[in-house]
**Q** 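Structure below; questions to follow.
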Amino acid sequence: MTKISENNYQILKLGNPILRLTAKRLTKDEILSPEIQKLIPKMWEVMQDAGGIGLAAPQIGISIQLAVIKLESDSDRYDNLEDSEEFVVFNPELKVLDEEKQGFWEGCLSVPGLRGYVERPRKLQINYLNENAEEKEIVVEDFLATVFQHELDHLFGFLYVDRLNSTKDLVFEEELANIAREKLLD
Ligand code: ZN
C-alpha cells in the first residue's frame with residue numbers, strides 16, 4: 001500500500017514522474033481502510049482549496065486509482081456550470097457510448113496557468129467503486145463526460161496536454177477570452 005502521510009498535500013505539476021504512472025487499483029478492503037477513508041475528505045479539501053472541479057490522487061503524489069469530481073456552479077475556474085453530485089471514484093472502467101467528439105477548454109491543477117482545447121467522446125459509461133466500496137454504474141455526457149475523462153486519465157498516467165490535436169490549442173488563461181470567442185464562432 002502506498003504510504004500516505006498526514007502532512008499537507010502539494011499538487012504535483014507536469015513533469016513530476018508520479019503523474020505518469022498507472023496508479024494502483026485498490027481492493028474493497030483497502031477502500032474501506034481508515035487510511036483511505038481519511039484520505040477522501042482530504043482530497044475534497046485540497047480540490048476546493050485549489051478551486052478545482054476534480055482531483056485525482058496521483059496529483060497529490062498518491063499513486064492509487066482514486067479521483068473526486070464535483071462541478072460547482074460558483075466555480076472561479078469554469079463558467080456556466082451546474083452543480084453536480086459529489087463523485088468519489090475508485091478503480092474506474094470507461095466505455096464510450098457515443099464516439100462523437102465534443103471540445104472544451106480544459107485546465108488542470110497540475111498544469112497551472114494554461115488551458116487546452118481538447119476533443120473527447122461526448123458520452124460514456126463509467127463503472128467504479130464508490131467510497132463505500134459499492135459497485136456503481138453511471139452514464140455521463142456533455143461537460144461532465146469531459147471532466148470524468150480528464151480526471152480518470154490521471155489514473156493512467158495521462159494529462160490533457162497528451163490529448164491536444166495541436167500544440168496551437170494550448171494557451172495561457174489570460175489569452176483564453178479572445179480565443180474562446182473565436183472557437184464559439186466556428
Ligand atoms: Zn488534471
Side-chain angles (χ1 to χ4, degrees), residues 2 4 8-26 39-72 74-81 83-94 96 101-122 124 126 128 138 140-167 169-176 179-180:
T2 313
I4 297 167
N8 286 334
Y9 295 104
Q10 274 200 333
I11 296 177
L12 304 185
K13 293 190 183 139
L14 177 67
N16 190 297
I18 293 173
L19 293 173
R20 294 309 195 170
L21 301 175
T22 297
K24 182 179 166 290
R25 290 169 70 90
L26 297 189
L39 176 63
I40 295 168
K42 205 72 206 172
M43 295 272 298
W44 287 121
E45 197 183 310
V46 173
M47 187 193 91
Q48 270 147 9
D49 284 352
I53 54 176
L55 182 75
Q59 291 182 278
I60 53 170
I62 302 167
S63 190
I64 60 173
Q65 290 199 11
L66 162 61
V68 296
I69 292 167
K70 183 175 192 307
L71 307 192
E72 300 267 15
D74 59 354
S75 167
D76 291 334
R77 287 170 54 83
Y78 296 91
D79 292 335
N80 305 321
L81 296 185
D83 286 320
S84 75
E85 59 179 286
E86 296 185 347
F87 297 97
V88 178
V89 178
F90 290 94
N91 302 353
E93 281 167 23
L94 293 77
V96 174
K101 297 275 179 74
Q102 57 179 4
F104 288 104
W105 285 97
E106 297 186 21
C108 181
L109 299 175
S110 295
V111 190
L114 295 174
R115 288 295 171 103
Y117 189 78
V118 179
E119 295 182 315
R120 303 181 188 260
R122 61 164 297 278
L124 294 97
I126 318 279
Y128 64 96
I138 58 168
V140 291
E141 52 191 322
D142 303 324
F143 185 61
L144 188 59
T146 279
V147 175
F148 265 82
Q149 290 171 90
H150 175 119
E151 294 308 329
L152 304 187
D153 258 357
H154 279 299
L155 308 182
F156 301 93
F158 292 97
L159 293 142
Y160 80 79
V161 293
D162 306 319
R163 306 299 191 194
L164 295 168
N165 291 322
S166 161
T167 48
D169 293 331
L170 188 63
V171 305
F172 281 97
E173 277 170 347
E174 54 266 38
E175 300 289 347
L176 183 63
I179 295 165

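FYI, side chains are in, hydrogens and waters are out, and symmetry mates aren't considered; it's all heavy atoms of this structure. Since the structure is predicted, the reported quantities are computational estimates derived from the model, not experimental observations. As the structure lists them, so they are numbered: ligands from 1, and atoms in each ligand from 1.
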**Q** The Zn ion (ligand 1): which protein N, O or S atoms are under 2.8 Å away?
**A**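 Only C108 SG, H150 NE2, H154 NE2 fall inside 2.8 Å of the Zn ion (ligand 1).
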
**Q** Would you please name every residue forming a side-chain hydrogen bond (donor to acceptor under 3.5 Å, both in side chains) with R163, sequence neighbours left out?
**A**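 In terms of side-chain hydrogen bond (donor to acceptor under 3.5 Å, both in side chains), with neighbours along the sequence ignored, R163 is linked to D153.
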
**Q** Could you pull out all residues at least two apart from D49 that satisfy side-chain hydrogen bond (donor to acceptor under 3.5 Å, both in side chains)?
**A** none

**Q** Taking all heavy atoms of Q59 and all of S110, pick out the closest pair and write down the distance.
**A**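 Nearest pair, atom of Q59 first, then S110: NE2-OG, 3.0 Å.
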
**Q** Only counting residues at least two apart or in another chain, list the ones meeting side-chain hydrogen bond (donor to acceptor under 3.5 Å, both in side chains) with D162.
**A**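 For D162, the residues satisfying side-chain hydrogen bond (donor to acceptor under 3.5 Å, both in side chains) (neighbours in sequence not counted) are R20.
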
**Q** Are the aromatic rings of Y78 and F143 close, with centres under 6.0 Å apart?
**A** yes

**Q** I want to know whether F87 and Y128 have ring centres closer than 6.0 Å.
**A** no

